[in-house]
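Both ligands and their constituent atoms are indexed starting at 1 by order of listing. Note that this is a predicted model, so its numbers are computed, not measured.
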Amino acid sequence: MCGIIGYIGNENAVPIILEGLKKLEYRGYDSAGIAVMNKDGFAVAKQKGRLSALEAFIESHPLTGFAGIGHTRWATHGEPSDINSHPHLGSRNKIAIVHNGIIENYRQLKERLEQRGITFVSQTDSEVIAQLAEYYYNGDIMDTVIRVVNALEGSYALGIMSLDEPDKLIAVKKDNPLIIGVSEKGNFIASDVPAVLAHTNQVFYLNDKEIAVVTGDSVQFYNTDREPLQKTLETVTWSADSAEKGGYEHFMLKEIMEQPQILQDTINSALSGGDNKLIIDSLDINRFNKIVITACGSAYNAGMVAKYVFEPLCRLPVEVELASEFRYKDAIIDQNTLVILVSQSGETADTIAAMREAKRKGAVTLSIVNVVGSTIARETDYTLYTLAGPEIAVATTKAFSAQLVLLYILAVRFAAKRGRISPPKEKQLLAAIASLPGKVATLLKQTDSIQKYASTCVGYKSIFFIGRNIDYAIAMEGSLKLKEISYIHSEAYAGGELKHGTISLVEEDTLVVAISCCERLYDKINSNVEQVISRGAKVLFIGNCIKATPNEKLAIIELPEANELFSPSLSVIVLQLFSYYVAANKGLDIDKPRNLAKSVTVE
Ligand code: F6R
């Protein structure tokens, strides 16, 4: 939520910052702004709306500067407007800041500053940081930043510039991500790696309350006692191309299409060698009497699927909890519980809080994360990485699929370690997982029928997704995907629950998407399908064990054969494509759905 970028070096900062903001727009897109320093002072441009509005404004009001900071916003305090956009300046125009996070004590700080005659211009919590910094400034920006940080409560990633010390940018963070990129042509601060990938793959990951003093040719780190810190420069393996659309109309479609390779890479890392395999091999599953999987949104849905894989294979209870609930529920966990945190970004505020709560209670924590160096990856006891590369579309696809395969592999390996499956069975199951990338590739060659069917679905006000057992878990992901990018109301139900209430919503031409990959439950889901058809619904039946014949009320999309436990990796491909094509036919902004942002770093 909110993306920040800063640059200082020997080139004009404006185009560099605008390019960086484009790569961060997935983090928030209701307004954007930039401030650069030049010989005349600060030059600032801010615009409500998409980044394109800011670009157009700068085109007609050009600005240049050798150092600058930029921001793309997801509003928390104060409506999206020019005035509430970042950067914010102190009232003497001496200090400019960009902020990602929430300042919880901003009201108290604001009141104190107002009593001292300082006038605020925006409704944001962030402006208090600029005003406070200017109020404290004594000719030493480092000293000022330390005083500001000591006064702030809440979460922040900050980029700070002072006109009186124009040779440096200051970066500091707490509970929100920030990296420092290092290159020949200057140095960067950014919320995320894709923002700097076009210039460098050399980055430092900032830890909480570490202060980076960034000049055009140096980076130094300090703690809040002003003691110097030594940090390791890391090499990012993501390529600059991976953050580009590569000829696709939307990142989401590109990311859907990348899935065979990503599954292959992630499976290899867990089975054939690499850090994931080492960690899985080293985990002593026999010490645990319970697994809790906690996450948000799609990552939670991956956990729901995993429950249906772990429990039958490992015969170990698995609880799946929304991280936003888990953090406040006084969970019954202890050192014999394995808590698995699933998160693409590794920065989701609720998942971070759940992780810290689990650790506080003595549980062992294992994360499944996509972003290297992210908070969750750094703080959990064990980390498995999904090798999905940068995921730019707000709606997750490839990272979700990579989460699933890691969870399957964990479940199979744990089952073997617990003596619940024989070595030949383990081999057979791992081979079934290894066959998934090829099957996904086959499915992705046959998108026409899904595209055609989706084009008939744009007019629905509501679409239901049903399944049984593991098909129900993946129906939840299908429903979430559809609603977030197509704005069509949608709900997922366990097929057997329909008659307990939901069926009253079914009427002439309601659409029900039914999933059937559990052959043993085919008759059950088929009778749900018949029940809704006899009440006027149309059904899209997706599966690999369907015996029905298509008719004007019933369309069928056949999936390749797969072990029931791993079949969600195939059904989800059709569900992702269905949502994508419905939204595309509605002409919506698929990569940046309204009100959403990719990395939910506020509660
Ligand atoms: C849905 C989606 C979100 C995320 C959720 C958790 O398409 O992307 O529901 O899954 O916000 O994010 P991470 O995985 O970054 O913790």
Side-chain angles (χ1 to χ4, degrees), residues 1 3 26-28 74 100 175-177 191-194 250-253 255-256 259 293-306 320-327 340-356 365 367-380 383-386 388-404 406-407 465 473-474 476-487 490 492 572-573 575-580 583 588-603:
M1 305 221 136
Y26 67 87
R27 301 177 71 89
W74 189 89
N100 168 30
D175 293 342
N176 273 321
S191 296
D192 203 354
V193 166
H250 297 103
F251 276 109
M252 183 174 174
L253 189 57
E255 289 165 1
I256 290 173
Q259 290 180 104
I293 303 177
T294 181
C296 300
S298 291
Y300 168 83
N301 293 340
M304 285 297 293
V305 171
V320 189
E321 300 272 5
L322 292 165
S324 53
E325 293 295 318
F326 177 87
R327 61 186 291 188
I340 303 180
L341 294 307
V342 186
S343 176
Q344 185 283 129
S345 63
E347 297 292 349
T348 300
D350 285 321
T351 313
I352 291 174
M355 166 189 72
R356 290 181 181 157
T365 53
S367 58
I368 295 183
V369 172
N370 195 42
V371 177
V372 175
S374 57
T375 304
I376 294 175
R378 279 183 287 120
E379 289 189 25
T380 39
T383 302
L384 301 177
Y385 282 110
T386 47
E391 193 178 59
I392 310 291
V394 163
T396 182
T397 52
K398 60 178 183 172
F400 175 84
S401 289
Q403 288 162 357
L404 284 188
L406 278 183
L407 286 161
F465 288 75
I474 203 65
M476 293 170 66
E477 175 61 6
S479 167
L480 177 61
K481 212 86 304 172
L482 181 82
K483 72 180 83 150
E484 69 181 320
I485 61 166
S486 75
Y487 313 150
S490 147
V572 79
I573 302 295
L575 296 168
Q576 292 167 351
L577 286 166
F578 174 69
S579 301
Y580 173 80
L588 297 173
D589 191 351
I590 293 177
D591 288 336
K592 301 185 196 81
R594 70 182 176 213
N595 303 337
L596 294 173
K598 184 135 190 92
S599 192
V600 186
T601 55
V602 295
E603 190 178 352

Q: Check ring-ring contact (aromatic ring centres under 6.0 Å, His included) between Phe326 and all other residues, then give those that pass, not counting sequence neighbours.
A: none
Does ligand 1 have any N/O pairs with the protein under 3.5 Å, and how far apart?
from     : atom 1 : to     : atom 2 : distance (Å)
ligand 1 : 7 (O)  : Ser298 : OG     : 3.4
ligand 1 : 7 (O)  : Thr396 : N      : 3.0
ligand 1 : 7 (O)  : Lys481 : NZ     : 2.8
ligand 1 : 7 (O)  : Glu484 : OE1    : 3.2
ligand 1 : 7 (O)  : Glu484 : OE2    : 2.4
ligand 1 : 8 (O)  : Val394 : O      : 3.3
ligand 1 : 8 (O)  : Thr396 : N      : 3.4
ligand 1 : 9 (O)  : Ser298 : N      : 3.2
ligand 1 : 10 (O) : Ser298 : N      : 3.1
ligand 1 : 12 (O) : Thr348 : OG1    : 3.4
ligand 1 : 14 (O) : Gln344 : N      : 2.6
ligand 1 : 15 (O) : Ser345 : N      : 2.9
ligand 1 : 15 (O) : Ser345 : OG     : 2.7
ligand 1 : 15 (O) : Thr348 : OG1    : 3.3
ligand 1 : 16 (O) : Ser343 : OG     : 2.6
ligand 1 : 16 (O) : Thr348 : OG1    : 2.5

Q. Would Glu347 and Ser374 count as having a side-chain donor-acceptor pair, cut-off 3.5 Å?
A. no
Q: Quick one: list whatever passes side-chain contact (heavy atoms from CB on, under 4.5 Å) with Ser490, sequence neighbours left out.
A: Phe465, Ser479, Leu482, Lys483
Q: Give the intermediate values and the outcome of side chain to side chain contact (heavy atoms under 4.5 Å, CB included) for residues Met355 and Ser367.
A: CA-CA 9 Å; Met355 166 189 72; Ser367 58; over 6 Å; no
Q) Which residue pairs pass the salt bridge (Lys or Arg N to Asp or Glu O under 4.0 Å) test when at least one of the two sits in residues 392-402, sequence neighbours left out? A) Glu258-Lys398
**Q.** Closest non-hydrogen atom pair, Gly346 against Val369
**A.** CA-CG1, 4.0 Å
